[in-house]
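Below is one structure, written out as structure tokens; the observations come after it.
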Amino acid sequence: MTPPEPPDDARVLEALFRLHQGLPRQGPGTDEATAAALRGVPGGGRDARILDIGCGEGRQTAVLARASPERLVAVDVFPGFLEAAPPAVPDALFCQASMTALPFTDAGFDLIWCEGAAYIMGFAEALRAWRPLLRAGGHLVASECCWLTDAPPPEARAFWTAAYPAMATVAESAARAAAAGYAVVATMTLPPEGWWQGYYEPLMERMEHLAPAAQGDEALRAVMAETQREIALFRRHGSSYGYVFFVLRRGPEEA
Ligand code: SAH
């Protein structure tokens, strides 16, 4: 007997989408954390031209819209997430685009926002790629999963070395931001409830609901098993890593 083919990338993406569609958010976070990070930007983003990258179903977009309802653009690669975007954001323009090929002119934004999605390109690569879209002195706020200790438990290190090899400490990530041409204005760590109430608890409920469907769907089963591992790891070692908001200002020079 030959072993079953591993699910291909498209089926894994489809499974990830199915797992996350309709959840309160598609990654760890809280409205309070979004609002606090926004207060870290001079003027609080009021009436700023904002680009929200990897917006998912737009939970943080709704918070950004309170500051700047008329000049906000939110992009995601999955049309299904955009269709489910909240009616609370009537004026925001949701548009389908990849973060790797954003269809916007240089220096067109005062503020770029990215919660729980910069890792897709890699934090440093994303910061470099998006910098030209900011006006001089404009701000970029991104949440990034970081080590919160210099000596992570081996089990946590092994998991993240496989899942996100570029994961770094807060200080290392700040240094990468500086090297990519930004001044670090502030960093703020997402509290654990942003992982549990904000993300994992609804996700666990969803997985229970999808368990019967996963019986006959190998990609979904694999994605759910990996998600269970991730949650179990956070339960054991969640104090050694976390999402950190980086509030950055575009500097004049790229190092
Ligand atoms: N910001 C949201 C979603 C984070 S999950 C929240 O915090 O709830 C990561 C998001 O990135 C998903 O919505 C996913 O569809 C999106 N994404 C993945 N690859 C992308 C790409 N190449 N371009 C734009 N968005 C992408």
Side-chain angles (χ1 to χ4, degrees), residues 9-38 45 50-65 72-86 88-89 92-104 109 111-130 133 140-146 163-164 166-167 188-203 206 219 223 226-227 230-231 234 242-247:
D9 284 356
R11 300 190 66 174
V12 168
L13 281 177
E14 172 64 32
L16 273 170
F17 173 64
R18 190 164 172 201
L19 190 57
H20 287 86
Q21 195 177 25
L23 294 184
R25 42 193 334 133
Q26 283 67 46
T30 67
D31 290 351
E32 294 70 29
T34 301
L38 190 56
I50 306 178
L51 172 62
D52 181 10
I53 299 174
C55 64
E57 293 189 5
R59 184 67 181 232
Q60 73 289 308
T61 320
V63 176
L64 300 173
L72 175 60
V73 180
V75 302
D76 201 278
V77 81
F78 275 124
F81 284 155
L82 299 171
E83 281 156 21
V89 200
L93 177 67
F94 287 94
C95 102
Q96 188 197 358
S98 174
M99 61 174 73
T100 59
L102 291 165
F104 303 109
F109 293 97
L111 176 59
I112 291 177
W113 203 269
C114 182
E115 282 194 36
Y119 75 90
I120 291 160
M121 288 176 72
F123 184 61
E125 291 73 10
L127 296 187
R128 279 184 202 281
W130 302 339
L133 299 177
L140 187 151
V141 177
S143 68
E144 166 75 351
C145 196
C146 291
Y164 186 32
M167 191 159 129
M188 303 169 199
T189 304
L190 182 74
E193 63 262 27
W195 292 77
W196 288 120
Q197 283 95 310
Y199 183 52
Y200 283 156
E201 286 171 10
L203 192 53
R206 167 60 55 82
V223 163
E226 185 64 7
T227 305
E230 185 193 309
I231 295 173
F234 189 79
Y243 262 102
V244 176
F245 281 87
F246 289 82
V247 180

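Just so it is clear, the structure is predicted and the values come from calculations on it, not from any experiment. Along the sequence shown, residues are numbered consecutively beginning with 1. We count ligands from 1, going down the list as the structure has it; atoms in each ligand are counted the same way.
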Residues R25, E115: salt bridge by 4.0 Å N-O rule = yes

- Check if R59 has a non-hydrogen atom at a distance under 4.0 Å from any atom of ligand 1. no

heavy-atom search around atom 7 (O) of ligand 1 in the protein gives Q60 OE1, 3.3 Å

Filtering T100, D52, L102, V77 for the heavy atom nearest atom 20 (C) of ligand 1 leaves V77

closest protein heavy atom to atom 17 (N) of ligand 1 is I120 CD1, 3.7 Å

If you scan protein heavy atoms around atom 16 (C) of ligand 1, the nearest is D76 OD2, 3.2 Å

Short version for M99: what comes under 4.0 Å of ligand 1, heavy atoms counted, is both

* Determine whether any heavy atom of A97 lies closer than 4.0 Å to an atom of ligand 1. => yes

Atom 22 (N) of ligand 1: closest protein heavy atom, distance to 0.1 Å, is S98 OG, 3.1 Å

Among G194, G29, G116, the residue with a heavy atom nearest to atom 9 (C) of ligand 1 is G116

(request) Evaluate side chain to side chain contact (heavy atoms under 4.5 Å, CB included) for Q60 paired with T34, printing each intermediate quantity in order. (result) CA-CA 6 Å; Q60 73 289 308; T34 301; 3.8 Å; yes

Note: E57, heavy atoms under 4.0 Å from ligand 1, region reported as neither

Heavy-atom proximity to atom 4 (C) of ligand 1 ranks first, among Q21, M121, E115, for E115

Under 4.0 Å between heavy atoms, the region of F81 that gets near ligand 1 turns out to be side chain

So the atoms of ligand 1 within less than 4.0 Å of a heavy atom of G54 turn out to be 1 (N), 2 (C), 3 (C), 4 (C), 10 (C), 11 (O), 25 (N)

protein heavy-atom neighbour closest to atom 5 (S) of ligand 1 works out as Q26 O, 3.4 Å

Logged contact type for C114 with ligand 1, heavy-atom cut-off 4.0 Å, is neither

